[in-house]
Number of protein chains: 2
Amino acid sequence: MSLPHAILIALLERPSSGLELTRRFDRSIGYFWSATHQQIYRELGKLEAEGHIRALPAQQPARGQKKRYEVLPAGRAELGRWTAASQDPKPHRDAMLLRLRAAAVVGTAGLEADLRRHLDLHRLQLAEYQEIEKRDFPPGNDSAQARLQHLVLRAGIELETFWTQWLAEALAELPDAQPPVADDRP
Amino acid sequence: MSLPHAILIALLERPSSGLELTRRFDRSIGYFWSATHQQIYRELGKLEAEGHIRALPAQQPARGQKKRYEVLPAGRAELGRWTAASQDPKPHRDAMLLRLRAAAVVGTAGLEADLRRHLDLHRLQLAEYQEIEKRDFPPGNDSAQARLQHLVLRAGIELETFWTQWLAEALAELPDAQPPVADDRP
DNA sequence: GGTTCTTGTGCAACTAGTTGCATAATCCGT
DNA sequence: ACGGATTATGCAACTAGTTGCACAAGAACC
């Protein structure tokens with residue numbers, strides 16, 4: 001039940017319209033809490049009804065018109081409450097690990113292509129994170145806020161690093177597969 | 001849509017009743033695909049209706065009676081098909097990362113206790129994985145099946161290792177928190 | 001020999017997330 | 001000005017997962 005809170009964070013960082021939020025969920029926020037535009041619009045409606053956000057006054061509040069939202073004090077309070085509240089870690093579900101375990105029983109036939117594809121996807125994501133790190137977190141900026149944001153980004157970097165290494169190992173385990181192409185970026 | 005396949009894997013590894021499956025989902029399989037007993041019973045019903053599994057003939061098929069299931073050829077075929085099919089990686093959602101990002105905006109007050117609690121939980125899980133590794137994968141066993149299973153377990157170990165390190169770093173970032181107690185197991 | 005505890009099975013309702021489509025406004029070439 | 005592409009907003013139906021409870025059978029209590 002965290003989508004509303006993800007939206008509150010995004011809106012606190014910058015008031016936005018539904019579409020702008022959607023774009024930002026495709027980038028930064030979405031890296032660890034993804035959402036589609038349909039979910040976002042639905043949630044914006046609820047958050048407005050609850051008095052946590054409000055639409056900035058616009059010319060005509062009609063369909064197909066941009067509507068920008070900002071967070072109200074009640075919304076900021078709710079976010080603070082949620083952040084501090086104790087929450088159990090959600091159980092993971094990872095289909096690729098499951099498929100490897102299935103492969104131990106029914107064989108590895110047909111797995112190689114998808115392992116390779118996932119490896120490429122994770123390498124791409126890792127490169128994107130490293131790009132962001134270079135751009136937004138040059139050494140020397142040590143404000144508390146920047147350090148926290150950097151910490152979150154580093155989680156992304158380290159997780160993607162893990163997956164690229166693990167998938168490369170998995171490919172090496174396949175009986176008749178070529179070893180994965182080395183990642184020869186600098 | 002992978003719960004039915006997780007169940008097929010478990011049943012191929014060993015035919016079981018609903019409750020036995022539930023227990024195994026609390027341990028091994030559940031480490032990367034969790035499920036409650038309600039989900040499992042529902043899915044067993046569907047899998048039986050589809051002809052993927054069948055109940056081993058029992059004395060009285062009454063309520064409150066153990067019923068053991070085994071996988072039929074159609075079920076094994078379906079699992080093979082699913083394992084080889086291309087699947088997009090699911091977008092991640094991690095509430096703790098989201099909370100840290102929220103903390104960058106609304107402050108870190110109240111976070112410390114839960115960070116510490118999660119750190120303990122991950123350390124516990126890591127210890128459990130390492131125990132399993134020591135018990136089930138002594139050096140020298142290099143059958144293809146064992147290597148694949150070990151690979152999956154190592155993913156769990158490395159992910160938990162990452163989280164314990166990351167959470168310790170996060171605690172170190174909190175303004176007025178003590179550093180996390182060192183993990184002084186051997 | 002009734003009571004309560006534990007084990008095993010299951011339904012129903014709810015919540016969160018996904019997929020597919022609908023609609024309005026605006027921009028842009030002709 | 002007209003007609004199609006793009007931008008922006010949104011509803012509805014579906015799927016997957018969670019929560020809460022119900023009920024039957026046997027064990028164990030005493």
Side-chain angles (χ1 to χ4, degrees), chain A residues 1-8 10-11 15-26 29-30 32-50 53-56 58-69 82 87-95 98, chain B residues 1-8 10-11 15-26 29-30 32-50 53-56 58-69 82 87-95 98:
Chain A
M1 230 285 288
S2 317
L3 176 57
H5 302 101
I7 292 178
L8 286 173
L11 288 181
S16 309
S17 69
L19 190 70
E20 285 169 321
L21 277 179
T22 302
R23 293 204 209 294
R24 292 169 61 197
F25 269 79
D26 286 342
I29 300 262
F32 41 90
W33 203 277
S34 71
T36 61
H37 79 272
Q38 289 91 336
Q39 285 175 273
I40 290 169
Y41 282 117
R42 199 178 5 171
E43 225 40 71
L44 283 172
K46 282 192 208 170
L47 284 167
E48 191 176 23
E50 291 163 358
I53 62 174
R54 65 160 186 178
L56 292 172
Q59 296 77 318
Q60 314 107 283
R63 241 181 121 84
Q65 291 286 107
K66 256 193 197 183
K67 219 187 333 179
R68 297 171 66 80
Y69 291 91
W82 176 81
Q87 293 178 44
D88 286 332
K90 283 276 149 203
H92 342 123
R93 297 208 168 86
D94 189 288
L98 204 56
Chain B
M1 232 285 286
S2 317
L3 176 56
H5 303 101
I7 291 178
L8 287 173
L11 288 181
S16 310
S17 70
L19 190 70
E20 285 169 321
L21 277 179
T22 302
R23 293 204 209 292
R24 292 170 61 198
F25 268 80
D26 286 342
I29 300 263
F32 42 90
W33 203 277
S34 71
T36 61
H37 79 273
Q38 289 90 338
Q39 284 175 273
I40 289 169
Y41 283 118
R42 197 176 8 168
E43 224 40 71
L44 283 172
K46 282 193 209 168
L47 284 167
E48 191 176 23
E50 291 163 0
I53 63 175
R54 66 162 185 177
L56 291 172
Q59 296 76 317
Q60 314 108 284
R63 237 181 123 85
Q65 293 285 108
K66 257 194 197 181
K67 219 185 340 177
R68 297 170 66 80
Y69 291 92
W82 176 81
Q87 294 179 44
D88 286 331
K90 284 275 147 203
H92 344 121
R93 296 207 168 87
D94 189 287
L98 204 55

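Computed over heavy atoms, backbone and side chain alike; hydrogens, waters and symmetry mates excluded. All values reported here derive from a predicted model rather than from experimental measurement.
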Determine whether B:S2 and A:R93 satisfy the following criterion, side chain to side chain donor-acceptor pair (under 3.5 Å), listing intermediate values before the conclusion.
CA-CA 9 Å; B:S2 317; A:R93 297 208 168 86; over 6 Å; no
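- A donor-acceptor pair under 3.5 Å links the side-chain atoms of A:T22 to the main chain of A:G18, judged by distance alone.
- A residue-by-residue look at B:E20 and A:S34 shows that B:E20 has its nearest nucleotide of DNA chain C further toward the 5' end.
- Nearer to the 5' terminus of DNA chain C, by closest-nucleotide assignment, is the contact made by B:G18 (compared with the other of B:P91 and B:G18).
- Within the nucleic acid shown, A:S17 comes within 4.0 Å of sugar-phosphate atoms alone, with no base atom in reach, counting heavy atoms only.
- Between the CD atom of B:E43 and the C1' atom of D:dA16 there is a distance of 9 Å, rounded to whole Å.
- Between A:K90 and the phosphate of D:dT18, there is no side-chain N or O to OP1/OP2 separation shorter than 4.0 Å.
- Residue B:R23 contributes atom CZ, which lies 13 Å from atom C1' of C:dT9 at whole-angstrom precision.
- You'll find the side chain of B:I29 stays beyond 4.5 Å of the side chain of B:I7, heavy atoms only.
- Look at NE2 on A:H37: it is 11 Å from P on D:dC11, rounded to the nearest Å.
- At whole-Å resolution of the value, CD in B:Q39 and P in D:dT19 are 10 Å apart.
- Across all non-hydrogen atoms, the minimal contact from B:A35 to B:I40 is CB-CG1, 4.1 Å.
- Here the side chains of A:Q87 and A:W82 are in contact, with some heavy-atom distance below 4.5 Å.
- Distance from the side chain of B:L3 is smallest to D:dG17 among D:dG10, D:dT7, D:dG17.
- Distance A:I7 CD1 to C:dA16 P: 13 Å, rounded to the nearest Å.
- On a pure distance criterion of 3.5 Å, a polar donor-acceptor pair joins the side chain of B:R42 and the base of D:dT18.
- When each of A:R93 and A:Q38 is assigned the nucleotide of DNA chain D with its nearest heavy atom, A:Q38 is the one assigned upstream, toward the 5' end.
- Taking atom CG of residue A:L44 and atom P of nucleotide D:dT9, one finds them 9 Å apart after rounding to whole Å.
- Rounded to whole Å, atom C1' of C:dA16 lies 15 Å from atom CG of A:L47.
- In this entry the distance linking CD1 of A:I40 with C1' of D:dA8 reads 13 Å, nearest Å.
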